[in-house]
S.K.: 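Mind looking over this structure? Questions follow.
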Amino acid sequence: MSHFIDRRLNGKKKSTVNRQRFLKRYKTQLKRAVADAVNQRSITDLDSGEKVGIPSRDISEPVFHHGKGGIRDMVHPGNRDFLTGDQIRRPEGGGEGSGQGKAGQGGQGDDDFIFELSREEFMDLLFEDLALPNLVRNQLLGTTEFKSVRAGYATDGSPSNIDVVRSLKGAIARRTAIGAPWRTRIRELEAEIAVLLSSGVVEDDPRLCVLREEIDRLKTRIAALPFIDTFDLRYQSFVKQPEPTSKAVMVCIMDVSGSMDQARKNLAKRFFILLYLFLQRNYEKIDVVFIRHHTIAQEVDEQEFFYSRETGGTVVSSALNLAHDILRERYDPGIWNIYAAQASDGDNWDSDSSICRDILIDQLMPLMRYFAYVEITPRQHQSLWYSYQEVMAAHEHFAMQEIDGADDIFPVFRELFRRKEV
Amino acid sequence: MSKHLISDSSEWSFPLLERFDQEIARLAHGVYGLDTYANQIEVISSEQMIDAYSSVGLPINYQHWSFGKQFVATEQTYRRGQMGLAYEIVINSDPCIAYLMEENTLPMQALVIAHACYGHNSFFKGNYLFRTWTSADAIIDYLVFARKYIAQCEERYGQEEVELLLDSCHALMNHGVDRYKRPAPLSMAEEQRRQRERETYLQSQINDLWRTIPLVDETEDDQKSSRWPEEPQENLLYFIEKNAPLLEPWQREVVRIVRRISQYFYPQRQTQVMNEGWACFWHYTLMNDLYDEGLVSDGFMIEFLQSHTSVVFQPPFDAPYYNGINPYALGFAMMRDIRRICESPTAEDREWFPEIVGGDWKKVLDFAMRNFKDESFIAQYLSPALMREFHLFAVRDDDHQENLEVTAIHEEQGYRALRRALAEQYNLGSREPNIQVFNVDRRGDRSMTLRHFAHHRRPLGDSVDEMLRHLRRLWGFTVRLETVDDAGRVQLIGEL
């Protein structure tokens with residue numbers, strides 16, 4: 001009377017919808033937790049999920065329950081030396097005196113409700129409300145790209161797209177369906193033969209021959225059913241959807257002169273990584289160009305960009321010139337969305353700052369979707385900051401902010417990419 | 001090694017599970033006469049177990065964020081290894097569905113089959129509370145209906161709207177039971193038909209609260225019943241479902257769904273000690289019988305006993321992991337104790353339990369299982385021997401006194417008081433605040449007044465403000481909450 005069922009292969013994610021609803025509901029709390037997490041986390045694992053906590057009193061589900069006070073009788077096990085009438089000092093904070101169920105709820109009230117977000121959930125929360133400024137899907141006229149998308153099955157198509165499994169399944173079904181009445185008839189005839197034989201009829205009785213002939217005839221008909229028919233064929237169907245090209249290039253410019261120590265470079269790196277992750281969510285393909293500079297600018301790979309040490313003075317315009325050359329050569333602003341971020345401690349040769357301003361205003365900014373400058377310095381601003389302020393006045397897609405320490409990075413990043421009301 | 005051994009390995013397989021099930025069924029039905037629903041035993045993985053957990057143990061349920069929260073919490077503690085999952089979940093339905101976890105060893109699976117599929121199963125079928133309050137043959141259908149209906153509402157009226165409503169209903173879920181009226185049985189087809197009828201009917205029906213055409217004998221009526229409802233109503237959800245003036249028909253239906261599901265859990269909340277004790281008693285008895293018949297090996301028994309003893313362990317009150325009385329331990333000990341009283345009573349037992357001493361323990365236990373709930377079961381059957389074994393003592397916490405006072409211990413003068421106190425501890429009526437609809441101002445501002453009857457001066461917890469918001473959302477007009485103390489003094493504690 002018992003019935004065993006193996007359910008192990010059934011779906012596991014029955015609770016996904018409920019989980020998402022939960023996350024949606026506590027978005028504000030989660031966002032705060034995520035922002036905190038980013039500031040505490042090292043750069044290398046920024047790209048994975050995160051444990052976050054919400055204060056449990058925020059997400060409690062209220063019911064009417066008893067509060068503290070009044071008279072309560074409680075029975076406990078394990079008495080060793082109490083006698084009737086003994087007085088016991090009231091235990092501090094909850095404890096055994098305040099009873100079971102309710103005390104449990106009250107006592108844990110302020111713990112955080114900790115759980116893990118997946119990478120996507122984490123990124124969604126991290127970059128929510130941020131928008132890429134001036135995001136335009138660049139497109140070359142007349143050369144819209146197409147993407148093939150599966151669209152189920154079709155009854156015609158090119159032979160190379162035949163779906164063998166699907167077609168054969170259809171064939172089996174057709175053969176079974178069409179042959180079914182004949183097979184039923186064969187079974188009936190065989191039953192008749194069996195009846196006749198058991199009633200003692202001789203082997204070459206004419207009645208038996210007739211029946212056997214009919215069975216043979218039916219078997220031939222079944223065998224003659226085509227194994228596969230054009231009717232069975234199914235083709236994988238693809239439709240082409242036009243797609244705007246969405247490619248972005250991100251130019252990272254960093255000062256590696258003697259005044260930028262490893263701590264500052266790390267701050268800069270965090271900023272660049274945030275920017276990279278953020279662009280990644282918006283564009284399918286992203287190129288990153290790393291330019292480092294002291295008195296001369298160089299295009300380098302990621303490793304060298306972040307970890308090699310250089311010394312010397314600072315000429316910022318060298319990097320800007322190099323960026324301009326690279327963009328002109330390799331990245332047509334008609335096809336690429338170009339973003340740039342520059343990190344520096346603000347040191348520059350005094351006479352160079354005005355050159356930088358001119359290069360930016362006249363040459364670089366017209367190519368850019370957005371240019372973000374962060375200055376990592378606890379000190380007074382120097383000439384570069386003031387020159388850049390002039391650039392900001394001339395171009396609205398230029399933004400600059402100052403970073404003091406690790407805690408500032410995310411807020412500054414949010415400030416730079418805040419969704420702006422149009 | 002015995003020839004009869006079912007298996008020497010601790011790996012399970014479906015044929016082995018079936019073999020164990022047959023043997024256990026043979027003993028349970030044939031020897032002990034347990035009456036059970038048919039079993040449907042489903043093997044699932046641990047992830048599926050977490051899924052099952054998070055919808056309050058039901059195989060399907062409507063969607064709500066709170067189940068997601070539960071899921072997230074369970075998953076997290078399980079991953080960190082802070083908590084093992086329960087070995088099984090069993091659902092009070094016909095056929096009775098039990099989940100076995102894939103990771104369990106063969107002895108564990110056998111234990112679970114005995115515990116859930118024969119212990120809990122027969123309890124569900126026999127106990128009067130379950131017979132009265134749940135319809136085992138219809139619950140799954142009803143849940144399917146509920147899930148579909150709420151999904152439809154979300155499509156029609158927006159997810160947020162439905163969620164807010166469900167939040168409020170969940171908050172009142174413990175106040176959704178008529179304690180004294182027997183509910184009508186459930187069935188999905190019936191329910192769907194009734195739901196449509198209700199919807200049209202309710203809308204056409206003029207609500208009492210909206211009735212503006214004066215009745216002929218109004219003045220007379222006014223004198224007689226200055227209060228409405230005439231009798232205070234303890235089933236808040238039911239009262240709201242039927243009388244809240246502003247609810248749309250679909251909202252009433254949602255309130256009803258939550259109410260009916262809470263009703264399904266009502267017996268479980270009142271029979272934890274008995275239900276678990278009964279199931280533990282039977283898995284213990286059945287496993288020992290298998291061993292006595294030579295069907296299982298020594299190793300099997302040791303593994304079984306190891307998990308059995310950890311389940312029925314009762315830590316003393318001063319242990320760091322003490323968390324109240326373990327219902328498994330108390331229930332199991334009481335069931336065993338009843339059998340002992342029947343089979344080998346002492347002089348003390350003869351004095352305390354003259355009616356069961358020397359009786360057939362199977363019949364006595366069966367009677368106890370059928371006709372009691374935790375409160376009355378303890379009041380009836382807790383023996384002095386057991387109180388001594390557990391070293392029970394009662395403490396009174398009176399906030400007017402500086403110290404706690406030990407009011408009774410396990411000694412001659414204390415037995416009755418102790419038993420009364422423990423039974424009272426399982427009385428749902430005193431565990432949860434007693435809150436009733438006292439009055440609705442039908443002729444004025446349609447405000448609703450609830451009264452909390454504070455027994456022993458126990459106040460309401462700090463959730464009052466939040467609860468008033470939920471009540472207000474459902475009622476639509478002013479909601480007032482008053483406390484009545486033991487002396488009958490009324491005090492307003494919240495209004496929204």
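Chain letters run A, B, ... following the sequence lines, proteins first, then strands; residues in each count from 1. Reckoned from all heavy atoms, side chains included, excluding hydrogens, waters and symmetry mates.
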S.K.: Hey, does the side chain of B/Trp12 reach the backbone of B/Glu103 with a donor-acceptor pair shorter than 3.5 angstrom?
M.R.: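 Pair absent, no side-chain N/O of B/Trp12 close to backbone of B/Glu103.
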S.K.: With chain B, which of A/Gln20, A/Arg25, A/Arg19 has the greatest number of heavy-atom pairs at distances under 4.5 Å?
M.R.: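 It is A/Arg25.
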S.K.: Within the distance-only criterion (no hydrogens, no angle test), does the side chain of B/Asp397 pair as donor or acceptor with the backbone N or O of B/Leu404 below 3.5 angstrom?
M.R.: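 The answer is no, because no donor-acceptor pair under 3.5 Å joins these two groups.
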S.K.: Name the option with the most non-hydrogen atom pairs under 4.5 Å to chain A; the candidates are B/Glu42, B/His455, B/Arg457.
M.R.: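 Greatest number of close heavy-atom pairs with chain A: B/Glu42.
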S.K.: Please flag which part of B/Ala408 lies under 4.5 Å from any non-hydrogen atom of chain A: side chain, backbone, both or neither.
M.R.: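 Backbone only.
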S.K.: Please classify the contact between B/Phe67 and chain A as side chain, backbone, both or neither, with a heavy-atom cut-off of under 4.5 Å.
M.R.: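 For B/Phe67, the contact with chain A is made by backbone and side chain together.
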S.K.: With a 4.5 angstrom heavy-atom cut-off, is it the side chain or the backbone of B/Leu481 that approaches chain A, or both, or neither?
M.R.: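 Side chain of B/Leu481 only, per the 4.5 Å heavy-atom cut-off to chain A.
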S.K.: Does any backbone or side-chain atom of B/Ile97 lie under 4.5 Å from a heavy atom of chain A? Answer side chain, backbone, both or neither.
M.R.: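 When you check distances to chain A, no heavy atom of B/Ile97 falls under 4.5 Å.
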S.K.: Partners of A/Asn79 by side chain to side chain contact (heavy atoms under 4.5 Å, CB included), sequence neighbours excluded?
M.R.: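 Checked A/Asn79 against side chain to side chain contact (heavy atoms under 4.5 Å, CB included); matches are A/Phe82, B/His391, B/Phe393, B/Ile409, B/His410.
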S.K.: Under a 4.5 Å heavy-atom cut-off, does chain A meet the side chain of B/Asn326, its backbone, both or neither?
M.R.: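 For B/Asn326, no heavy atom lies under 4.5 Å from chain A.
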S.K.: I need the residue from B/Gln413, B/His175, B/His170, B/His452 with the largest number of non-hydrogen atom pairs under 4.5 Å to chain A.
M.R.: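 Maximum pair count with chain A is reached by B/His175.
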S.K.: Given a strict heavy-atom distance threshold of 4.5 Å, which part of B/Pro315 is in contact with chain A: side chain, backbone, both, or neither?
M.R.: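 Looking at B/Pro315, just its backbone touches chain A.
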S.K.: Taking side chain as everything from C-beta outward and backbone as N, CA, C, O, which of these in B/His470 sits under 4.5 Å from a heavy atom of chain A? Side chain, backbone, both or neither.
M.R.: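 For B/His470, the contact with chain A is made by the side chain alone.
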S.K.: Say you draw a straight line from CD of B/Gln401 to CZ of B/Arg396; how long is it, rounded to the nearest 0.5 Å?
M.R.: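 Going from CD on B/Gln401 over to CZ on B/Arg396, the span is 9.5 Å.
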S.K.: Salt bridge (charged side-chain N to carboxylate O under 4.0 Å, His left out) with A/Asp6: which residues, sequence neighbours excluded?
M.R.: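 Applying salt bridge (charged side-chain N to carboxylate O under 4.0 Å, His left out) to A/Asp6 gives A/Arg8.
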S.K.: Does any N or O in the side chain of B/Gln425 come within less than 3.5 Å of the main-chain N or O of A/Val75, such that one atom is a donor and the other an acceptor?
M.R.: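 Present.
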S.K.: What residue, out of B/Met387, B/Glu18, B/Glu402, has the most heavy-atom pairs lying under 4.5 Å from chain A?
M.R.: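 The candidate making the most pairs under 4.5 Å is B/Glu18.
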S.K.: Can a salt bridge be assigned to the pair A/Asp73 and B/Arg420 using a cut-off of 4.0 Å between side-chain N and carboxylate O?
M.R.: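 A salt bridge is absent here (no side-chain N lies under 4.0 Å from a carboxylate O).
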S.K.: Quick one: do A/Lys24 and B/Glu163 make a salt bridge, cutoff under 4.0 Å?
M.R.: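 A salt bridge is absent here (no side-chain N lies under 4.0 Å from a carboxylate O).
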S.K.: Between A/Asn18 (side chain only) and B/Trp65 (backbone N and O only), is there a donor and an acceptor less than 3.5 Å apart?
M.R.: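 No, the answer is negative, given that no donor and acceptor are paired below the 3.5 Å cut-off.
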S.K.: Quick one: which of B/Thr407, B/Leu460, B/Ile44 has the most heavy-atom pairs under 4.5 Å with chain A, could you say?
M.R.: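 So the answer, after comparing B/Thr407, B/Leu460, B/Ile44, is B/Leu460.
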S.K.: Ion pair present between B/Arg19 and B/Glu23, side-chain N to carboxylate O less than 4.0 angstrom?
M.R.: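 Salt bridge present between B/Arg19 and B/Glu23.
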S.K.: Need one label for B/Glu424: side chain, backbone, both or neither, based on atoms under 4.5 Å from any heavy atom in chain A.
M.R.: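 Neither part, no heavy atoms under 4.5 Å.
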S.K.: For B/Glu405, which atoms come within 4.5 Å of any heavy atom of chain A: side chain, backbone, both, or neither?
M.R.: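 Both backbone and side chain.
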S.K.: Describe, in one word, how the ring planes of B/His29 and B/Tyr118 are oriented to each other, choosing from parallel (under 30°), tilted (30 to 60°) and perpendicular (over 60°).
M.R.: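 Answer is perpendicular, since the angle exceeds 60°.
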S.K.: Could you tell me which portion of B/Leu172 (side chain, backbone, both or neither) has an atom closer than 4.5 angstrom to a non-hydrogen atom of chain A?
M.R.: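 Contact with chain A is through the side chain of B/Leu172 alone.
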S.K.: So for B/Glu160, is it side chain, backbone, both, or neither that comes closer than 4.5 Å to the heavy atoms of chain A?
M.R.: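 Neither part.
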S.K.: Does any heavy atom of chain A fall under 4.5 Å from the side chain of B/Ile435, the backbone, both, or neither of them?
M.R.: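 Side chain only.
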S.K.: In terms of heavy-atom proximity below 4.5 Å to chain A, should B/Gln159 be classed as side chain, backbone, both, or neither?
M.R.: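 The side chain, not the backbone.
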S.K.: Measuring heavy-atom distances to chain A, does B/Asp318 have an atom under 4.5 Å in its side chain, in its backbone, in both, or in neither?
M.R.: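 Answer is side chain: those atoms of B/Asp318 sit under 4.5 Å from chain A.
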S.K.: Can you label the angle between the A/His76 ring and the B/Phe317 ring as parallel, tilted or perpendicular, going by 30° and 60°?
M.R.: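 Ring orientation of A/His76 relative to B/Phe317: tilted.
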S.K.: Could you look at A/Leu83 and say if it's the side chain, the backbone, both or neither that has a heavy atom under 4.5 Å from chain B?
M.R.: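 Its backbone and side chain both get close to chain B.
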